[in-house]
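What follows is a short report on a single structure.
Chain A is the first sequence line, chain B the second, and so forth, proteins listed ahead of strands; every chain is numbered from 1.
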Amino acid sequence: MLQQTQVATVIPFFLRWMERFPDFASLAEADEEEVLRLWEGLGYYRRARSLRAIARRVMDDWGGNLPRDEEALLALPGVGPYTAGALLSLAFNVDVPALDGNVERVMTRLRDQDDPVDRPPAKRELRRQIEELIPTGRARDFNQALMELGALVCLPRRPLCPTCPWRDDCLALRRGTIEARPVKSPRPPQEKLRALTLLASREGAYLLVRHHRDERWAGLWEFPTVDDDGESLAVWLDAPRITWTKRGTVSHAFTRFRRTLTVFSCQVGQVRDGESPFGSRQTLWVRPEGLNDYPLSAGSRKTRDRWLAPEG
DNA sequence: TGTCCACGTCT
DNA sequence: AAGACGTGGAC
């Protein structure tokens, strides 16, 4: 969960998750729908499916225990260099680095490193430097301390240098380049998207469609949403007899996009077979009180909370 | 109802 | 290698 997601965000999800899946066995047996529902709102949903796949593999191939071996850990889905290092050092106290964003910041400042940290050469160099610093047999404490230092003291903006235990050793502090570290490659500009979302109701139930497993938001559900042309929906909805009512807009951001959804509601009459613009995607009619049972992507979640929440 | 930034893995 | 993958928070 902590991959790409900050601790404060993770905590409530983690507590719910651990209550439902206290061990690999319970997670391995769970169905994907439930796993995604508990992950709903955390983002990067591939992590949820990877975690379930890991649980199954740990049960099947490793006798229910995580392997204490870098190569075996890296072979698990969703486990990269950071996670492998974190597991080895924090769980098994093996003397290897756990290089996350916090540690990158601490180390590039300590050494006043100005290579872009999102490129492999800089990462290799940082790992090498950390290896030299790990006190033999103390990687668990050392790595946690380094991550905490980054999270609590060596902040991205306005770091608390006067209280830092490394203030006398920090090259960037001495040179006045603290706020300029770490250096990152320029990012592509944000793109704006517009789309239409339809609250289509029939006998008090609302239509949901499911994202394919190879799409964005794989496995999650949403209210029918199309790029801002509306034509494919109009076909499907028996257009001439539909009255569309504009409800308002919601916005959400993902990766490098920011998308504004214009939400319409309508009553749907007869749905004709073979005219769905959703192809082979699953569809479902759900009453408002049942909407919490399906994991929704962010735009549809905001739509639900605004217009279909039980109390509203 | 803005813009920018934070956060690892996979392809 | 460069882009895909989502959400929340600071300003």
Output the single nucleotide from [options] whose closest atom is nearest the side chain of [X].
| X | options | answer |
| --- | --- | --- |
| Asn102(A) | dT7(C), dC7(B), dT9(B) | dC7(B) |
| Arg157(A) | dG8(B), dA10(C), dG6(C) | dA10(C) |
| Lys184(A) | dA6(B), dG8(B), dT7(C) | dA6(B) |
| Arg258(A) | dT3(B), dG6(C), dC7(B) | dT3(B) |
| Lys192(A) | dT3(B), dT7(C), dC7(B) | dT3(B) |
| Pro81(A) | dT9(B), dT3(B), dA10(C) | dT9(B) |
| Arg105(A) | dG2(B), dA6(B), dT9(B) | dA6(B) |
| Pro120(A) | dG8(B), dC11(C), dA1(C) | dA1(C) |

Can you sort out which residues in residues 37-49 of chain A have a heavy atom within less than 4.0 Å of DNA chain C? Ascending by number, please.
-> Gly41(A), Leu42(A), Gly43(A), Tyr44(A), Tyr45(A)
Nearest whole Å is fine: how far is [N] [atom2] from [X] [atom1]?
| X | N | atom1 | atom2 | value |
| --- | --- | --- | --- | --- |
| Leu73(A) | dG8(B) | CG | P | 17 Å |
| Arg259(A) | dG6(C) | CZ | P | 12 Å |
| Glu104(A) | dC5(B) | CD | C1' | 14 Å |
| Glu191(A) | dG3(C) | CD | C1' | 12 Å |
| Leu261(A) | dG6(C) | CG | C1' | 14 Å |
| Leu220(A) | dT7(C) | CG | P | 8 Å |
| Arg181(A) | dC5(B) | CZ | C1' | 18 Å |
| Gln6(A) | dC5(B) | CD | C1' | 9 Å |

Tell me what [X] touches on the nucleic acid: a base, only sugar-phosphate, or nothing, going by heavy atoms under 4.0 Å.
| X | value |
| --- | --- |
| Ala8(A) | nothing |
| Gln4(A) | base |
| Thr83(A) | sugar-phosphate |

Could you check Arg158(A) against Ala298(A) and say which one's nearest nucleotide on DNA chain C is further toward the 5' end?
-> Ala298(A)
Can you list every ring pair (Phe, Tyr, Trp, His ring centres under 6.0 Å) pair that touches residues 8-29 of chain A, not counting sequence neighbours?
-> Trp17(A)-Phe21(A), Trp17(A)-Trp39(A)
Arg158(A) atom CZ, neighbour heavy-atom count above 12 within 6.0 Å | no
Return each pair, listed once, that meets side chain to side chain donor-acceptor pair (under 3.5 Å) where at least one residue sits in residues 161-175 of chain A; pairs must be two or more places apart or across chains.
-> Asp112(A)-Arg175(A)
Any Gln3(A) side-chain N or O less than 4.0 Å from OP1/OP2 of dC7(B) | no
Do Asn292(A) and Arg37(A) meet the criterion of a side-chain donor-acceptor pair at a distance under 3.5 Å?
-> no
Have a look at His211(A) and tell me which of Tyr294(A), Tyr45(A), Trp217(A) forms a ring pair (Phe, Tyr, Trp, His ring centres under 6.0 Å) with it.
-> Trp217(A)
Is Arg259(A) reaching over with its side chain to a backbone N or O of Arg194(A), donor-acceptor style, under 3.5 angstrom?
-> no
Does any N or O in the side chain of Asn143(A) come within less than 3.5 Å of the main-chain N or O of Val96(A), such that one atom is a donor and the other an acceptor?
-> yes
So which heavy atom on Leu90(A) is nearest to which on Arg140(A), and how close?
-> O-NE, 2.8 Å
